Number of protein chains: 2
Amino acid sequence: MDSGRRATIADVASRANVSTAAVSKVLRNAYGVSPAMQERVRAAIAELGYRPHAAARGMRGQTYTIGVLIPDLRNPFFPELIEGISDHFAGTQYQALLGPGGSTPESQARITEAMIDRRMDGLIMIAPVVPRAQLEATARTIPTVVIGRHGRSAEFDAVVDDDIEGAALIVDHLAALGHRRIAHIEHRDTTRGIPTTMPQTVRAEGYRRAMQRNDLTDEIDVVPSTYSESGGYAAARELLSRPAPPTAIFAGADVAAIGVLNAVYEAGLRIPQDISVAGYDNTTVAAMGPISLTSVDQDGHLMGANASRLLLERVEDKRRRSVLMSLSPTLVPRRSTAAPPAADG
Amino acid sequence: MDSGRRATIADVASRANVSTAAVSKVLRNAYGVSPAMQERVRAAIAELGYRPHAAARGMRGQTYTIGVLIPDLRNPFFPELIEGISDHFAGTQYQALLGPGGSTPESQARITEAMIDRRMDGLIMIAPVVPRAQLEATARTIPTVVIGRHGRSAEFDAVVDDDIEGAALIVDHLAALGHRRIAHIEHRDTTRGIPTTMPQTVRAEGYRRAMQRNDLTDEIDVVPSTYSESGGYAAARELLSRPAPPTAIFAGADVAAIGVLNAVYEAGLRIPQDISVAGYDNTTVAAMGPISLTSVDQDGHLMGANASRLLLERVEDKRRRSVLMSLSPTLVPRRSTAAPPAADG
DNA sequence: GTGAAAGCGCTAACAA
DNA sequence: TTGTTAGCGCTTTCAC
């Protein structure tokens, strides 16, 4: 901005009376520069307000850019993740940029391509819905960490929360309160090819196993719907219209639980006196006074930070063997769950 | 991925028996290529699965990347904006990438720099808190569109919603219901240098003017706080503890209104029988059954799309004169507002 | 420890 | 209309 033109590495070099190669080395903290020369170069950089040109760096070396694929900005859990990610990179030379991926495999694949085209140094993919084979192909091209898909891979690192355990926390909590007819709302995707590794599937499986462990095998009741307000609403309407409706509804996501609350509200039932409702993700909405939804908390910040750390290991140290990191969820009991009505206890 | 190495423009050129310049022209839909050659080049591109290298393109021409500065992923209004933006670019060669900017001027400036370093073709800045002079400096470097800051600039285009009108919608609505003691919760930033152009300031001003117009000048009551759940909660606690509390509270954002609801709930008051509450932004939370918050709707999707269109005009047509585009908000009345208690009417 | 020089993949002048 | 060529700003051999 000084003289119209932006300073380049050559400007810095001539100002410091060194070669461009030397400047480059200082920039990358590479070996082979004397402290004195370091000093001179740094001074010149400061004087000129020089900033390296990421696109040009990318032509030979790295772009110092990390791509983060994010499917749905409306999901209130993702900001936690993002914050964990950007906090982690804040102390480094790297910059995380988010790609709004949409919820279809096609749109997510498009963004992934766009990130590869831009020579990003690494990719963090949040709950991607693309087929596993495609994830592995991507990971062979560019260091990749996947958040929220279960199952390990030789090609990419994975960070997940233990959804089996999370579902068990809710079921055990409800069973301990005396509930028997506990229904579960599952997100059933139309997308094929991503069978057992998505969180929704694992949560449903965790629900089933926990029901069995509590001797409630006969009461297992999974309603396929979607993790959305309308999905939860529709599923709850269906459940409440039955001859013997459940005394507790466990929605696989808070956002769906909100829809359940709406349906319960419309049906004129009271929470938790007439029916208990639980969600998953412990979003800020769940914590709101009038809502006060029992939920399961995943430490999104920690998950994001861990994913970032794993990715940098791959990018910088060239670690090859893959890592699966599984975190433990915790139960957050609130006012939306209580003992079932006496007649049903 | 075929032979390990990624295909380059030279590979395409030799495959199609043309020059690299010809391939480049086809890529950019530039003049001077015969249909026959076009055909051959496109075929070669398809056969090789060639994709242009964005970083390399950026060295000479454009990067076909648009940077979107987004301050707070938790604000449920922003996803609308983002969707409008990415939908608009979906039909083009451009790819929008989001930079999580944080809420301080420093962090936002950092991301802005990072985007310029990466040779982005243009910038969309959502409700930036950096000083105006800095915005203009940025805009002189790179085509820029600012969303959500009032006041026109010669350097950048601006897309705003008419917050004066939006605040008036709420005040007129409440006044028509019979309210007189209508309080407003304003977001009061500690940041200096951005006085009258932020939405919160304009909304407060709109509230004042509308109160005057309704002959309620003596009742003007602005509580400085923050647009957050805790901010709304604290402000409402303060208001409710007064000898003559307001009969209606107009929070400048839904998220603050939620905090108000919590405080009202805790105080044992009923909504809307004892007190009316209104928000701003018409977020999905506001629409939820148990909440049903009267609010003001801005068409975020349209704002995002307009901002994108303006930016592309600048990037491609090199339009120089700046544009200010102001959209009109609409009132969304719900169950949280009603006539005041008889004694106060 | 230091610098000269050859690219990275593409675009834009210009020549043919 | 088509091809040749000189860079864009940086990193990376490879001499010195």
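All values reported here derive from a predicted model rather than from experimental measurement. Convention: sequence-line order gives letters A, B, ...; per-chain numbering from 1.
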Side chain to side chain donor-acceptor pair (under 3.5 Å) involving A:Ser308 - partner list, sequence neighbours excluded: none

Heavy-atom protein contacts under 4.0 Å, nucleotides 9-16 of chain D, coded B base, S sugar-phosphate only, - none: BBBB----

Neighbour count >12 (heavy atoms, 6.0 Å) for atom CD, A:Glu39: no

Option among A:Leu311, A:Leu310, A:Val315 that satisfies the side-chain contact (heavy atoms from CB on, under 4.5 Å) test with A:Glu313: A:Leu310

Between C:dT2 (C1') and A:Asn17 (CG): distance, integer Å: 13 Å

B:Ser103 side chain reached by B:Asp72 side chain, heavy atoms, under 4.5 Å: no

B:Asp11 CG - C:dC10 C1' separation (whole Å): 13 Å

Protein-nucleotide distance (A:Tyr31, atom OH; C:dG1, atom P), rounded to Å: 11 Å

Check: B:Ser153/B:Glu136 side-chain N/O donor and acceptor closer than 3.5 Å: yes

